[in-house]
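Report on the structure given below.
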Amino acid sequence: MSTSLPPSALAITGLKKTYSDGFVALKGVDLHVESGDFFALLGPNGAGKSTTIGVICSLVSKTSGTVSVFGHSIDDDFAAAKRCIGVVPQEFNFNQFEKVLNIVVTQGGYYGLTRKESLVRAEKYLRLLDLWDKRDVVSRTLSGGMKRRLMIARALVHEPRLLILDEPTAGVDIELRRSMWDFLQQVNKSGTTIILTTHYLEEAESLCRNIAIIDEGSIVANSSMKNLLDKLSQEVLVLDVVESLPNDFTLENFRCHWVDEHCIEVSIDREQHVNTLFTALEARQLNVKSLRNKANRLEEMFVSLLKNPAKHLDADYPRYNFVSDEVSV
Amino acid sequence: MNFTGQWVAFKTIVYREIHRFMRIWVQTLVPPAITIALYFLIFGQLIGSRIGQMGGFDYMQFVVPGLIMMAVIQNSYANVVSSFFGTKFQRNIEELLVAPVLEITILLGYIVGGMARGIAVGSIVTLLALFFTDLTVNNWWITISMVLLTAIVFSLTGFINAIFAESFDDISIIPTFVLTPMIYLGGVFYSIDLLPSFWAKISLANPILYMVNGFRYGILGVSDINIWQAYGMLVVFVIIGFSVSLYLLAKAEKLRT
Ligand SMILES: Nc1ncnc2c1ncn2[C@@H]1O[C@H](COP(=O)(O)OP(=O)(O)O)[C@@H](O)[C@H]1O
Ligand SMILES: [Mg+2]
């Protein structure tokens, strides 16, 4: 008996985007995300993460390529595709003069939920996101973290099968970030596929099962998180040694990097034991004064994959400063 | 999304639009009412009493339909241009673009929102007019259809303005430099019979003249122009405005990147 595979939550092939100013933001992106996955799209600023998401949810028109969401092409079957997607954009894009509850209820209406249904859903998600007390507050006055949660509630009101979040925790403080992660994990467990973009590696590492790394409009790595971490199984230890070391210092079976005459960095594989390192050092009659782990290895590997690591900077949001949503004529 | 879904989305947009201008009523309903009440007082009451008859009526009676129409035109335009531009500017237009709402549903929602504001202010002005003069309606059908068609035309014009606008200046240029002169020269305050024949002919090229006179005909039963010509013109404007708006929205070159 043959069963056809359920369609991927997201299938992107050969996606290219050239902006009207001639800038090529996507150079042929292929991406597959299985139903139920928690997927990270990782990349530095300007890599094309937001552009990719923009295309998926029809805010950016693509130059070529195909995109389908749960088997619905965004070109031929756009209504069905759109119904499957809930999106939390990178920048705040709700009416700053509107009240929290109205924003969520109105969004439900755009998806065809009657006001009654939409109010029930809005209450459910605003409560889950700890915003119910703020329901009658004008959105402009919310804190950054609350604004982001408001956008999550808005994205969930029509209960999409695929939730896409564009840098959901940028600018959110560490404590709130953790509670947001917990929330997203619950949403994922309840069966919603989640794709998030981030340039925080820790975020991808602790949340996601699969990962793609995008840089300058191309996917440079795409595998399971576990696979990627295995590739990074090498650990670098920094040793401070009492004795003086020559700058051509080597150790049998270990890759060494001479830092200065009292300090070396030693790479050890997962299969190797730290014991054997010490045995080797002892054989050379070297005494280790102190030992530490070299900084975030994932971070390092990530930077090593990128063409231009200096761009790996933090993002900011544009700010609006006008006073009312009415203009006198 | 099926018809029911589009209908719900349409109602949502209309509700949101009405809610918006009601929420900021001090900016949207009060100023036009005050302005037009001042016109009643100055042109109708103070100066009007010296003008005597116009088109066979007291000047006050003559000017009231013109001023009601002015309120409808300015406010349906203002509502759509402000609301849609604001939506674009704050990027909450994206809320609509990511949802399975058809372009025609979006457009109809904004038009009905604009009509609601035009009619709301028009009604307030009509009530205020009753303090200054008696109003009897010659033909309800003509009166109401003229108001509705005019509100649709200016909601559409406001929508097109908002699609092209890139700054707050862009949404006040057209009302200030195009709309206001056209309204003032469009027979709100005078009958074109008063004009030298050259200027009277020029006036006939002003579409607002037809709307104001069509409406005045509905109330007073007098008009400078043929009423059917007014209807013909309005229907043509509605069709053109609707097609252009829908095309711009579907192409959305100014909305999507
Ligand atoms: N509207 C636009 N016009 C021209 N270039 C753009 C536009 N939007 C984004 N870009 C450029 O496309 C590249 C990718 O942007 P984006 O997708 O926002 O990156 P990311 O989200 O990964 O930071 C950047 O170099 C950016 O400057
Ligand atoms: Mg981005």
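Sequence lines set the chain letters: A, B, ... in the order given, protein chains first and strands last, and positions in each chain run from 1.
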(message) What part of Tyr110(A) gets within 4.5 angstrom of chain B, counting heavy atoms only: side chain, backbone, both, or neither?
(response) both

(request) Measure the acute angle between the ring planes of Tyr184(B) and Tyr39(B), then classify it against the limits of 30° and 60° as parallel, tilted or perpendicular. (result) perpendicular

(request) Name the region of Ile106(B), side chain, backbone, both or neither, that has any atom closer than 4.5 Å to a heavy atom of chain A. (result) neither

(message) Could you check whether Arg23(B) and Asn102(A), counting side-chain N and O atoms only, form a donor-acceptor pair closer than 3.5 Å?
(response) no

(request) Assign the ring pair Tyr110(B) / Phe84(B) to parallel, tilted or perpendicular, where the plane angle (0 to 90°) is split at 30° and 60°. (result) perpendicular

(request) Measure the spacing between NZ of Lys62(A) and CD1 of Ile74(A) and express it to the nearest 0.5 Å. (result) 5.0 Å

(request) Give, as side chain, backbone, both or neither, the part of Ser20(A) having an atom under 4.5 angstrom from any heavy atom of chain B. (result) neither

(message) Using 30° and 60° as the class boundaries, would you call the ring planes of Phe168(B) and Phe85(B) parallel, tilted or perpendicular?
(response) perpendicular

(request) Apply ring pair (Phe, Tyr, Trp, His ring centres under 6.0 Å) to Phe10(B) and list each qualifying residue two or more places apart in sequence or on a separate chain. (result) Trp7(B)

(request) Indicate whether the side chain of Asn79(B) and that of Arg117(B) have a donor and an acceptor atom separated by less than 3.5 Å. (result) yes

(request) Considering only heavy atoms, give the residues of residues 117-129 of chain A separated from chain B by less than 4.5 Å, sorted numerically, with 'none' for an empty result. (result) none

(message) Closer than 4.0 angstrom, basic N to acidic O: yes or no for Glu95(B) and Arg154(A)?
(response) yes

(message) If we define contacts as heavy-atom pairs under 4.5 Å, which of Ile174(B), Val101(B), Val98(B) has the most with chain A?
(response) Val98(B)

